[in-house]
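These numbers come from the heavy atoms of this one structure, side chains and all, not from hydrogens, waters or symmetry mates. Computed from a prediction, not measured in an experiment: that's the story for all the values here. Letters go in sequence order (proteins before strands), and every chain restarts at 1.
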Number of protein chains: 2
Amino acid sequence: MSGKRRVTIAHIAEEAGVSSPTVSKVINGRSEVSPQTRKRVEQLLHEHGYIRRTASADGPVGMIDLIFAELESPWAMELIRGAESAAREAEASIVISVLHTHAGPGRDWLERLAARRTDGVIIVSSRLSSQQYGQLNARSIPFVVIDPDGEPAPDVASVGATNWQGGLTATRHLLELGHRRIGMIGGPPDMLCSRARIDGYRAALETAGVEVDPSLILNGDFLVGSGHDHGHALLSLPDRPTAIFAGCDMQAFGVFEAARQRGLRVPDDLSVVGFDDLPLSKSAWPPLTTVRQPLEEMAFLATRMALGISRGETPEPRRVELSTDLVVRESSGPPPR
Amino acid sequence: MSGKRRVTIAHIAEEAGVSSPTVSKVINGRSEVSPQTRKRVEQLLHEHGYIRRTASADGPVGMIDLIFAELESPWAMELIRGAESAAREAEASIVISVLHTHAGPGRDWLERLAARRTDGVIIVSSRLSSQQYGQLNARSIPFVVIDPDGEPAPDVASVGATNWQGGLTATRHLLELGHRRIGMIGGPPDMLCSRARIDGYRAALETAGVEVDPSLILNGDFLVGSGHDHGHALLSLPDRPTAIFAGCDMQAFGVFEAARQRGLRVPDDLSVVGFDDLPLSKSAWPPLTTVRQPLEEMAFLATRMALGISRGETPEPRRVELSTDLVVRESSGPPPR
DNA sequence: CTGAAAGCGCTTACAG
DNA sequence: CTGAAAGCGCTTACAG
C-alpha cells in the first residue's frame with residue numbers, strides 16, 4: 001500500500017542522533033536511558049508510527065479486529081458470530097476491542113493495535129475522529145465500517161442495512177392495522193442508522209396523511225432501560241399512542257416491561273414493533289413483530305471485505321446496504337377501540 | 001517455563017541435514033524445494049513444534065484466547081465481557097475462537113494458535129483431548145478452564161461455580177413453595193456442571209423425603225429449543241410436574257414457550273426456575289426466578305489467572321468455585337391446588 | 001533443487 | 001547513560 005520504506009530503529013536513531021541500541025532500550029522500556037533522550041526518541045517513534053519489524057517478510061497475521069463502542073447488547077453477539085465465520089473461512093481469528101466510550105477511544109488503542117499488527121479493523125457503529133481514520137490510513141491498516149455514521153470520507157468501505165426502508169415498513173405495518181397515534185423511540189441522535197429509521201417512520205406517516213407529532217418521538221440508547229423509560233414517558237402522555245415503534249429489539253423489550261407495569265396488554269392495548277430480529281425476539285412474550293436486519297451477514301461481509309483489502313483487493317461495491325424485512329409476530333395488532 | 005532452548009531454523013536444518021535457507025523456504029511455502037526434502041523438514045518442524053521467532057526477546061503478545069465450543073447463547077457474551085475487562089486492565093486483547101464441534105477441535109487449531117502466539121488460553125466448557133492438553137503444556141501455553149469437565153489433570157487451573165449448591169437451592173425453593181412433582185432439564189450429560197446441578201436437585205428431593213422420579217429428569221443442550229421440546233415432554237406426562245427446574249435460563253425460556261402453547265400460565269399453573277441469571281432474564285415475562293452464577297466474574301478471574309501464569313506466577317488457589325445465589329422473581333409460586 | 005554468502009532488523013553484553 | 005561490536009534468527013539474492 002504505502003510506497004514508503006518501513007521505518008526502522010536505525011532510521012529513528014539517525015534522526016535522533018543516537019545509536020540503535022539506545023532506541024532499542026527506549027522501545028523496550030529499559031531504565032538506562034536519560035529522560036531527555038527517552039523523550040526525544042519517543043517523540044520520533046510516535047511521529048513515524050514506528051512498528052517493530054523483524055527481518056521476515058510480513059504476510060498476513062491472521063487477525064481481524066472488531067471494534068465496539070460497548071459490549072452491552074445480544075446484538076453484538078450476532079456480529080461477532082458473523083465475523084467469526086468469515087474469519088474462520090480465511091483461517092483467521094477475531095479480536096474483540098471495546099472502546100468503552102461513545103465519545104471515541106483514547107489514542108493508546110490505535111498504537112497498541114498497530115504494534116501488535118492486524119489484518120484489518122471492523123468498526124461497529126463507533127465514532128472515530130477523522131484523525132484516527134487518518135492514522136489507520138497512514139499505517140495502511142484496512143478497515144470497514146458497520147453502520148457508518150456518515151463521517152468517514154466517501155471512499156471508505158462500509159456495510160449497513162436499509163434502515164430508512166425498515167422504518168418505513170414497520171410504520172406502514174402499524175398504519176395498516178389502523179393505528180394513528182404511533183410512538184417512536186430512536187437510538188442516539190448522532191447515529192445515522194437511528195436517524196434513518198426515524199425518517200422512515202416520518203415518511204410513512206406523511207405519505208399516509210397522518211400528522212407527525214414531535215412529542216411522540218424520543219431518543220434512547222438502544223438498550224432495554226431506555227425502552228422502559230421512554231415507554232413509560234410515551235404511555236403517560238395525555239393522548240397516549242396505541243402503538244410504539246421501538247427502534248430496536250432491546251428497546252421493544254423495555255416497552256413490554258413498561259406496558260406490563262401499567263397493566264396494558266400487548267398487543268390488545270398496545271402494539272409494539274422492534275428492529276433487528278435478535279434470536280430471542282421470537283421467544284419473547286409476546287413474540288416480537290420486528291424488522292429483521294441481517295446482522296450476522298453484515299459482519300460476515302464486512303470481515304470478508306477487510307480481509308480482501310488486506311490482500312490488496314479493492315472491494316466492489318465499496319458501500320453495501322443489505323435489505324431489511326418485516327417479520328410479523330404477535331406483538332402487533334389492531335388498536336383498541 | 002520449559003528449560004529447553006527454543007528450536008530454531010538452524011536446529012531443524014541440522015537435524016534434517018539441509019541448510020537454513022531450505023528450511024526457510026519450506027516454512028514460507030516457496031516452490032523451489034523437492035517433495036522429499038519438504039516432507040522431511042515439515043515432519044521435523046511439526047515434531048519440534050517449531051515457532052517462528054525473531055532475534056527479539058519474546059515478551060507478552062497482549063492476547064488471550066477465549067475458546068468456545070459454540071457461540072450460540074447470550075451466555076457467551078457475559079463471559080466475553082468479563083474476559084475483556086480483565087484483558088483491558090493488562091492492556092491485552094481478547095481473541096475469540098470457536099471450535100464448532102462439541103466433539104473437540106481439529107489439530108490445525110492448536111498449531112495456528114502456537115504460530116500466531118498467545119499469552120494464554122481460556123477454555124470454556126469445551127472438551128480437549130488429553131493429547132491437546134499435552135500440546136498446550138509442551139508449547140508452554142498457559143491455560144485456564146472455565147466449567148471444567150473433570151478430564152484435565154488435577155493441577156490444571158480452573159474456574160467454576162457452585163453448581164451442585166445451586167441445583168440444591170433452586171430445588172429447595174420449589175419444595176418450600178409446596179411442589180412435589182418437579183421436572184428437571186439438564187444440559188449435555190458429559191458436562192460436569194450439568195451433572196452437578198442435577199445431583200443438587202436429587203439431593204434436595206431426597207433430603208426432603210420426596211422420591212426421585214427418573215422420568216422427570218431429561219437432558220438438553222442448554223439452548224432454547226431443548227427447553228421447548230423437553231418442556232412439552234414433561235408437560236405431556238400423565239402425572240405432569242407442577243414445577244420445572246430448567247437447568248439454565250435459555251432452557252427456561254423454552255419451557256415458557258411450551259407452557260404458553262399448552263395454555264398454562266407461569267407461575268399459576270407451572271413454576272419455572274432457571275440457572276445463570278442472564279441480563280435478559282429479569283426483563284422476561286414473567287421475570288425469571290433463577291440461580292445466579294457470576295459469569296462475568298468467572299471469565300474475569302480466569303483471564304487474570306491466565307495472564308498471571310504467562311508472567312510466571314503460580315495461581316493460588318488453582319481451582320476456584322464462585323458461589324451461586326438464588327434470585328427469586330415472578331416465575332415461581334405455589335403449585336395449583 | 002540446494003546452500004554459501006551477504007544482508008536485515010533487532011538485541012545483548014560490555015567497555016567507557 | 002551511551003554506543004561500537006558481536007550475535008541472533010531469519011530471508012534474499014545468486015551461483016551452481
**Q.** Side chains of Phe143(A) and Ile67(A) in contact at under 4.5 Å (non-hydrogen atoms)
**A.** no

Q.
What I want to find out is whether Glu78(B) reaches Arg81(B) closely enough, with some N-O distance under 4.0 Å, to be called a salt bridge.
A. yes

(Q) Is the shortest side-chain heavy-atom distance between Val23(A) and Leu44(A) below 4.5 Å? (A) no

Q | Within 6.0 angstrom of Glu89(A) CD, more than 12 heavy atoms from elsewhere | A | yes

Q) Mind checking the P distance from dA13(D) to dG9(D)? Whole angstroms is fine. A) 23 Å

Q: Look through every strand shown and name the nucleotide pairing with dA13(C) as Watson-Crick or G-U wobble, where both distances are under 3.5 Å.
A: none

**Q.** Contact list for DNA chain C against residues 17-25 of chain B - heavy-atom distance below 4.0 Å
**A.** Val18(B), Ser19(B), Pro21(B), Thr22(B), Lys25(B)

**Q.** Interatomic distance, Ile9(A) CD1 vs dA4(D) C1' [rounded to whole Å]
**A.** 16 Å

Q: Would you check if Val26(A) and Val18(A) make a side-chain contact, meaning some heavy-atom pair closer than 4.5 Å?
A: no

Q. Considering Watson-Crick and G-U wobble pairs with both distances under 3.5 Å, what does dA4(C) pair with?
A. none

Q.
Using OP1 and OP2 only, check whether a side-chain N or O of Thr37(A) sits under 4.0 Å from dC1(D).
A. no

Q. When you measure from the side chain of Thr8(B), which nucleotide among dT2(C), dC1(D), dG9(D) comes out closest?
A. dG9(D)

Q. Which one, dC1(D), dC10(C), dC10(D), comes nearest to the side chain of Glu32(A)?
A. dC1(D)

**Q.** Sub-4.5 Å side-chain heavy-atom contact between Leu301(B) and Leu322(B)
**A.** yes

